[in-house]
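Data block below; observations after.
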Protein chains: 2
Amino acid sequence: MQTDQVLDIETAANLLKVLGDKTRLTMVKIMSEHECCVCEFVDLFDMTQPAISQHLRKLKDSGLVKETRRGHWIFYSLNPNSPYYTFVQHVISDLPSQRYKVEELETQGKRICCD
Amino acid sequence: MQTDQVLDIETAANLLKVLGDKTRLTMVKIMSEHECCVCEFVDLFDMTQPAISQHLRKLKDSGLVKETRRGHWIFYSLNPNSPYYTFVQHVISDLPSQRYKVEELETQGKRICCD
DNA sequence: TGCATATATAAGAGTTTGCTTATACAATGG
DNA sequence: CCATTGTATAAGCAAACTCTTATATATGCA
């Protein structure tokens, strides 16, 4: 994994820019608690699928997030192997839990599960 | 002052957007270690005075930074009364110290001091 | 009072961002 | 192998961002 290392400022600024968007920051907080697939994000945010996809690509390009395909669905989650994993944890630790959103999906029967 | 409170996500995203710029992030790290006036920033960054001024305004508008005038100079520093002070501390704690930059100014006789 | 210095603001140009719609690609099941 | 479903990519547009130059404002001092 990695330890609390010193981050160079330019790298940190780029990460913060990626996180400095309400949609992406919420996604990251959600993924720190659950993995999620694209169509779930589409339901959670009132946004088109391409818009969601583009946000996820930014997160993936930054290395903060990884994807796993299971059948039709691609699940996104925080990448614990990112050298910036603990940095992100620092940043999002003060944010309110977003579990309730995923639970709402669940009660609406919109949660995707591949077991 | 304030405690480790939960930050709403939109507010956090806006703060991160402000911090998600190399110049501003470096400024904030510097100010967490020293107060600085505008002309010092102009020397530290290879940037025009209005560009520096505009970055400082963004930081001030976010409430993260406060200014104190002393004669000709306006000194900027982190605002410990900001409700987001500890959040910012979390974010910048992993960044490398920028003291050496201010020390370079000092050896070049470019440091402003109003004692 | 008038000038020099420090800083802020205004206006404009070039770039980046974040959406939209349209289309392409990938996987599954009949 | 075709249709359906989930996801990604492309192209285009409006808004936001970050710089530049020019100018205004504020303070201290001769």
Side-chain angles (χ1 to χ4, degrees), chain A residues 9-10 13-28 30-31 35-62 64-77 105 109-115, chain B residues 9-10 13-28 30-31 35-62 64-77 105 109-115:
Chain A
I9 287 211
E10 184 156 17
N14 288 333
L15 291 172
L16 294 174
K17 188 181 297 179
V18 171
L19 296 176
D21 173 274
K22 187 186 176 184
T23 303
R24 286 192 297 269
L25 187 60
T26 309
M27 285 173 154
V28 165
I30 289 174
M31 285 187 275
E35 65 176 11
C36 258
C37 74
V38 181
C39 58
E40 289 173 321
F41 283 126
V42 173
D43 284 334
L44 285 172
F45 300 93
D46 193 23
M47 217 171 268
T48 63
Q49 176 268 318
I52 295 293
S53 198
Q54 284 155 16
H55 281 302
L56 286 169
R57 184 153 53 110
K58 287 210 171 188
L59 290 170
K60 206 179 50 173
D61 287 350
S62 74
L64 296 181
V65 151
K66 66 183 175 62
E67 56 177 35
T68 315
R69 181 178 276 273
R70 293 205 200 95
H72 276 308
W73 298 279
I74 298 178
F75 287 81
Y76 284 84
S77 55
L105 273 193
K110 291 182 176 170
R111 182 96 170 112
I112 307 293
C113 193
C114 295
D115 300 334
Chain B
I9 287 212
E10 183 155 17
N14 289 333
L15 292 172
L16 295 174
K17 188 181 297 181
V18 171
L19 297 175
D21 173 275
K22 185 185 178 184
T23 303
R24 287 193 296 269
L25 187 60
T26 308
M27 285 174 155
V28 166
I30 289 174
M31 285 187 275
E35 64 176 13
C36 257
C37 74
V38 181
C39 58
E40 290 173 322
F41 283 125
V42 172
D43 284 333
L44 285 172
F45 300 93
D46 192 24
M47 216 171 268
T48 62
Q49 176 268 318
I52 294 293
S53 199
Q54 284 156 14
H55 281 301
L56 286 168
R57 185 153 52 107
K58 287 212 169 188
L59 289 169
K60 206 180 50 173
D61 287 349
S62 74
L64 295 181
V65 151
K66 66 183 175 61
E67 58 176 36
T68 316
R69 164 154 247 150
R70 292 206 200 94
H72 278 307
W73 299 277
I74 299 179
F75 288 80
Y76 283 86
S77 54
L105 275 191
K110 291 181 176 173
R111 181 98 171 111
I112 308 292
C113 193
C114 295
D115 300 334

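Note that the coordinates shown come from a computational prediction; the quantities given were computed from them, not determined experimentally. So that the names make sense, note that chain A is the first sequence line, chain B the second, and so on, each numbered from 1.
Among the atoms of the strands shown, none is found under 4.0 Å from any heavy atom of B/Lys22. Residue contacts shown for B/Tyr76 are limited to sugar-phosphate atoms, with no base heavy atom under 4.0 Å away. The residue A/Lys60 sits apart from the nucleic acid: no heavy atom pair falls under 4.0 Å.
OP1 or OP2 of D/dC17 has not a single side-chain nitrogen or oxygen of B/His55 nearer than 4.0 Å. Contact between the side-chain N/O atoms of B/Arg57 and the OP1/OP2 oxygens of C/dT9 is found at a separation under 4.0 Å. A sub-4.0 Å separation between OP1 or OP2 of D/dT7 and a side-chain N or O of A/Ser53 is absent. In this structure, B/Arg70 does not reach the D/dT27 phosphate: none of its side-chain N or O atoms is under 4.0 Å from OP1 or OP2. Between A/Lys58 and the phosphate of C/dG18, there is a side-chain N or O to OP1/OP2 separation shorter than 4.0 Å.
Following rounding to the nearest Å, B/Arg69 (CZ) and C/dA6 (P) show an atom-to-atom distance of 11 Å. If you measure from atom CE of A/Met47 to atom C1' of C/dC19, you get 8 Å, rounded to the nearest angstrom. Taking atom NZ of B/Lys17 as the reference point, atom C1' of D/dC17 lies 10 Å away to the nearest angstrom. Taking atom CG on A/Leu56 and atom C1' on C/dC19, their separation rounds to 15 Å, with Å as the unit. Between the CD atom of A/Glu67 and the C1' atom of C/dC25 there is a distance of 14 Å, rounded to whole Å. Distance, B/Gln49 CD to D/dA22 P: 14 Å, rounded to whole Å. Across the protein-nucleic acid pair, B/Gln54 atom CD and D/dT20 atom P stand 9 Å apart, rounded to whole Å. For the pair A/Glu40 CD and D/dG6 C1', the interatomic distance rounds to 12 Å; values are reported in whole Å.
Side-chain contact check for A/Arg111 versus A/Cys36: some heavy-atom pair is nearer than 4.5 Å. For the pair B/Glu35/B/Arg70, a side-chain contact is recorded, criterion being any heavy-atom separation below 4.5 Å from C-beta on.
When each of A/Pro50 and A/His72 is assigned the nucleotide of DNA chain C bearing its nearest heavy atom, the one mapping closer to the 5' terminus is A/Pro50.
If you check C/dT21, D/dT18, C/dA8 against the side chain of B/Asp21, the one that comes closest is D/dT18. The A/Thr23 side chain lies nearest to C/dC19 when the options are C/dG18, D/dC19, C/dC19.
Here A/Asp21 contributes atom CG and B/Lys17 contributes atom NZ; the two are 6.5 Å apart, rounded to the nearest 0.5 Å.
Of the residues A/Val42, A/Leu44, A/Asp43, the one that meets the side chain to side chain contact (heavy atoms under 4.5 Å, CB included) test with A/Ile52 is A/Val42.
Annotation: A/Lys66, atom NZ; neighbour count of heavy atoms from other residues, nucleotides and ligands within 6.0 Å is above 12.
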